[in-house]
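Report on the following structure.
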Amino acid sequence: DAAALQAIACAPGVVVLDIRSDKIDGQSGKEYAQGHVPCAIHSEYTKGGWRAKVDGVPGMLPSAQRLEVLIGGLGIDNDTRVVVAPLGGGAKSMAAAARVYWTFKVLGHDQVSILDGGTDGYAADASRPLEQSPRTPEPKSFTAHLRPEMLVSEDEFAQALQTDGLLVDYRRQDEFSGLNRNAKTKRAGTVSGARNVPLEWLTRDNGGYLRSRQALEQVYALAQVPANGEQIAFCNTGHNASLGWFAAHEILGDETVRLYDGSMAQWSRDAALPMARSIEVTD
């Protein structure tokens, strides 16, 4: 939380990673320059290199080599404790933090945390100091220790579908039902048998604070999703599902949960792969 971060933000061996994406007046990082957690460095989530188009699919995990260069350039090595600081304006913002967190975990780096409430929550208490001057990190060497078992391929997703595995769609209900289609997907709908936990349910009042373990247990029960057992999380591009993975894996403690990185952006491209819609309307 913000109080815990305030105590360690400038400590040796700690890097606060401000991932806010701000395009006001075309100036990326303007919010960071206006005020950030002391000693935080900036790496924009949307344009900073955390995601890449792979084989035509947007938002995928970049290669380990590209991520090693990115992370090392931010002054992070394998001994650094990283605290990911998103905007904190809503569940989408917290999903960005969860995506970066998940990326570190996939690369074998466990010393990573998320600032609950984000920078907005930190700054809500006027007694907490903010810093305006940008920080230029001293590059370090970061070596990835890839955990391929955390990744779900398109073939593995298809196999889980055929064997009635638990597939959880973390998109809005209108996208899950097929009423509306996201621009990054080719076909509307989800996959047969999937359960739906809308992203907005995972934070308090769709804000920047994650729900407690007890509250999430109630949320998953309402969605008829077991809180334990193998699960594959997906969405449109692996963004929303990152927060779903975080909630189920890190807060509820279900270590069998995995993320389908390609999600519907990849799956919906092939017309031969099955999709289901509970509603289909004409314009």
Side-chain angles (χ1 to χ4, degrees), residues 50-61 91-92 94-103 105-106 147-202 216 219-220 223-252 254-278:
W50 294 102
R51 307 178 75 186
K53 182 175 284 189
V54 178
D55 295 330
V57 180
M60 297 285 283
L61 184 74
K92 278 282 188 183
M94 298 309 292
R99 176 70 189 204
V100 173
Y101 177 102
W102 174 83
T103 298
K105 289 283 187 172
V106 170
R147 290 169 169 154
E149 68 275 10
M150 289 183 63
L151 302 171
V152 175
S153 67
E154 187 176 42
D155 288 343
E156 288 176 301
F157 190 75
Q159 183 178 6
L161 179 60
Q162 293 169 1
T163 57
D164 296 323
L166 179 58
L167 308 176
V168 183
D169 189 333
Y170 285 94
R171 296 177 298 167
R172 300 191 313 261
Q173 190 176 39
D174 62 314
E175 293 178 337
F176 172 74
S177 67
L179 176 63
N180 291 320
R181 178 179 65 85
N182 185 277
K184 291 184 173 64
T185 63
K186 300 298 183 183
R187 292 179 288 154
T190 187
V191 292
S192 181
R195 306 291 175 86
N196 183 215
V197 180
L199 171 74
E200 295 78 11
W201 292 11
L202 301 178
L216 286 172
V219 166
Y220 278 73
Q224 298 183 324
V225 174
N228 293 291
E230 292 189 13
Q231 175 196 135
I232 295 177
F234 70 98
C235 55
N236 287 313
T237 66
H239 176 88
N240 290 17
S242 296
L243 190 60
W245 173 87
F246 185 90
H249 192 283
E250 301 294 79
I251 299 179
L252 293 177
D254 187 350
E255 296 184 356
T256 65
V257 178
R258 295 189 296 159
L259 172 65
Y260 175 29
D261 190 22
S263 285
M264 288 294 99
Q266 182 179 61
W267 184 265
S268 66
R269 296 187 307 169
D270 187 346
L273 295 176
M275 291 187 66
R277 297 176 68 172
S278 57

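Scanning for side-chain contact (heavy atoms from CB on, under 4.5 Å) contacts around Leu273 gives Glu154, Arg187, Trp267, Asp270, with sequence neighbours left out. Checked against side-chain hydrogen bond (donor to acceptor under 3.5 Å, both in side chains), Asn180 has the following partners two or more places apart in sequence or in another chain: Asp174. Partners of Arg195 by salt bridge (charged side-chain N to carboxylate O under 4.0 Å, His left out), not counting sequence neighbours: none found. Scanning for salt bridge (charged side-chain N to carboxylate O under 4.0 Å, His left out) contacts around Arg269 gives an empty result, with sequence neighbours left out.
How far CZ of Arg277 is from CZ of Arg181: 9.5 Å, rounded to the nearest 0.5 Å. Taken to the nearest 0.5 Å, the NZ atom of Lys92 stands 6.0 Å off from the CG atom of Leu199. Trp201 CH2 to Leu243 CG: the interatomic distance, rounded to the nearest 0.5 Å, is 14.5 Å.
No more than 12 heavy atoms of other residues, nucleotides or ligands lie within 6.0 Å of CD in Gln224, so this atom counts as exposed by the packing criterion.
For residues 230-252, the set of pairs meeting the salt bridge (charged side-chain N to carboxylate O under 4.0 Å, His left out) definition, not counting sequence neighbours, comprises Lys105-Glu250.
Checked by atom type and distance alone, the side chain of Thr256 pairs as donor or acceptor with a backbone atom of Gly229 at under 3.5 Å. Remark: side-chain polar atoms of His239 are not paired, donor with acceptor, to backbone N or O of Arg99 under 3.5 angstrom.
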Can you list, pair by pair, the side-chain donor-acceptor contacts under 3.5 Å of residues 164-171, counting residues two or more places apart and other chains?
from, atom 1, to, atom 2, distance (Å)
Asp169, OD1, Arg171, N, 3.0
Asp169, OD1, Arg171, NE, 3.0
Asp169, OD2, Arg171, NE, 3.1
Asp169, OD2, Arg171, NH2, 2.7
Asp169, OD2, Thr190, OG1, 2.9
Tyr170, OH, Tyr220, OH, 2.8
Tyr170, OH, Gln231, OE1, 2.8
Arg171, NH1, Asn236, OD1, 3.1
Arg171, NH2, Gly189, O, 2.8

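Proximity of Phe246 to Leu202: side-chain heavy atoms (C-beta onward) are nowhere separated by under 4.5 Å.
Here Arg51 does not pair with Asp261 in a salt bridge; the nearest charged N to carboxylate O distance is not below 4.0 Å.
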